[in-house]
Amino acid sequence: MKELIVITGASSGIGAAMAKAFSAKGHPLLLLARRLEPMQALQLENSLAISVDVTDTEAMKAAITEAETQYGPVGCLINNAGVMLLGQSDVQDPQEWSKMLNINVMGVLNGIHAVLASMKARKTGTIINVSSIAGRKTFPNHAAYCATKFAVHALTENIREEVAMDDVRMVTIAPGAVETELLSHTTDQAIKDGYADWKEDMGGVVAPEVIAETAVFAYEMPQSVCVREIALAATRQQP
């Protein structure tokens, strides 16, 4: 059996597309998200779906232990779970900032913490963190969201340097606008309308399946090669 792949935020969008892509390659899967039914509906072979909040460190560890009992040690963790709550910094509810920081940053760190020691001990493993173009440059109404994604870029590169000699790979994938449910999390309707117009102006955005193919590409490189960062977006996306 091939290596176990763990995917957070696997109930929709990029996470669900990644689940299908790695399953097609013959990998057993641990699918994690708060919504259980959409993951079960994927009906993927050799997959275990567990309802987990990525901010719950112990729940993350327990789910991974359960999957490893069935499928062996984690070969690749994909930290994909995230929320995007856009707003002006002087009017946005600070609770939205806390939610993004907890899921987008602490959730990533919790996943890494759950698998990294084992990977270092085995001298192999890959962790792919799904960030955003907003982790490389700023956008209007994105201040807190950008802060979380800049953090993902920074922590990924920092840990990559720390574990390079252990033959563990740390990869950042930074998509531009992707056709997912992410925008629906934003509560400001005017911002949502403007974002939708922007997507239309560029003639459409990237499909989740493209991001999944990107993750498979990075993972399937030889273990001696680390694709440190991939930034990709629709050709017509200017910023």
Side-chain angles (χ1 to χ4, degrees), residues 1-82 102-130 152 155-156 159-160 162-171 173 211-212 215-224 226:
M1 186 175 289
K2 290 189 174 182
E3 288 186 324
L4 171 62
I5 310 294
V6 179
I7 303 170
T8 70
S11 59
S12 65
I14 292 172
M18 287 183 171
K20 294 175 184 176
F22 279 96
S23 179
K25 293 284 187 176
H27 288 277
L29 304 172
L30 171 59
L31 307 180
L32 303 176
R34 285 173 295 179
R35 295 180 296 166
L36 182 61
E37 291 78 8
M39 295 188 291
Q40 293 174 329
L42 295 172
Q43 296 185 321
L44 299 175
E45 188 176 0
N46 292 322
S47 67
L48 176 63
I50 300 179
S51 176
V52 166
D53 185 331
V54 295
T55 65
D56 187 335
T57 308
E58 295 307 315
M60 285 279 288
K61 290 180 179 178
I64 288 169
T65 298
E66 182 177 346
E68 289 185 321
T69 300
Q70 293 188 43
Y71 302 122
V74 175
C76 178
L77 165 68
I78 302 176
N79 282 309
N80 167 71
N102 285 334
I103 295 174
N104 296 1
V105 182
M106 289 304 301
V108 170
L109 288 168
N110 287 340
I112 293 169
H113 187 68
V115 302
L116 187 57
S118 173
M119 289 181 173
K120 288 173 65 177
R122 291 182 286 116
K123 297 292 184 181
T124 188
T126 303
I127 296 174
I128 299 175
N129 293 332
V130 179
V152 172
L155 70 87
T156 307
I159 298 172
R160 185 199 64 75
E162 294 172 354
V163 301
M165 295 305 292
D166 296 302
D167 293 322
V168 176
R169 302 182 299 180
M170 300 290 299
V171 180
I173 296 180
I211 311 303
V216 171
F217 162 75
Y219 170 76
E220 289 188 337
M221 292 295 285
Q223 189 67 29
S224 59
C226 178

Assess whether atom CD of E45 is packed by more than 12 heavy atoms of other residues, nucleotides or ligands within 6.0 Å. no
Are there over 12 heavy-atom neighbours, none belonging to R122, within less than 6.0 Å of that residue's CZ? yes
Taking atom NZ of K120 as the centre, report whether more than 12 heavy atoms of other residues, nucleotides or ligands fall under 6.0 Å from it. no
Any heavy-atom pair between the side chains of E3 and T126 that's under 4.5 Å? no
If you compare all heavy atoms of I64 against all heavy atoms of A114, which two are closest, and at what distance to 0.1 Å? CD1-CB, 3.6 Å
Roughly how far, to the nearest 0.5 Å, is CG of L48 from CG of L31? 8.0 Å
In Å, rounded to the nearest 0.5 Å, how long is the span from CG of L29 to NE2 of H27? 8.5 Å
R35 backbone acceptor or donor facing S51 side chain under 3.5 Å: no
Sub-3.5 Å donor-acceptor pair from the side chain of N80 to the main-chain atoms of G9, do we have one? yes
Nearest 0.5 angstrom please: I78 CD1 to M18 CE, how far? 5.0 Å
Shortest non-hydrogen contact from A63 to I50? CB-CD1, 3.7 Å
If you measure from CG on D166 to CE on M119, what distance do you get to the nearest 0.5 Å? 12.0 Å
Heavy-atom closest pair (K2 atom, G26 atom, distance to 0.1 Å) is CB-O, 3.8 Å
Do N110 and V54 have side chains that approach each other closer than 4.5 Å (heavy atoms only, starting at C-beta)? no
Modelled atom types, side-chain donor and acceptor of N129 and T156, under 3.5 Å: yes
How close do L77 and I112 get, heavy atom to heavy atom, and via which atoms? CD2-N, 3.8 Å
Checking S47 side chain against Q43 main chain: does a donor-acceptor pair fall under 3.5 Å? no
Output the distance between atom CG (L30) and atom CG (N46), rounded to the nearest 0.5 Å. 13.0 Å
What closest approach, in Å, do C226 and R160 show between heavy atoms, and which atom pair accounts for it? SG-CD, 4.1 Å
Working note: V171 + I128, criterion side chain to side chain contact (heavy atoms under 4.5 Å, CB included); need CA distance, chi angles, decisive distance, verdict. CA-CA 5 Å; V171 180; I128 299 175; 4.0 Å; yes
Taking the side chain as C-beta and beyond, is there a heavy-atom pair between L116 and I159 under 4.5 Å? yes
Should L155 and V105 count as side-chain neighbours, where that means a heavy-atom distance under 4.5 Å? yes
Can you name the closest pair of heavy atoms from R169 and M221 and give their distance? NH1-O, 2.9 Å
Would you compute the distance between atom CG of N104 and atom CG of N79 and round it to the nearest 0.5 angstrom? 11.0 Å
Could you check if a side-chain atom of T124 sits within less than 4.5 angstrom of a side-chain atom of D167, using non-hydrogen atoms only? no
Give a yes or no on whether K25 atom NZ has more than 12 heavy-atom contacts from other residues, nucleotides or ligands under 6.0 Å away. no
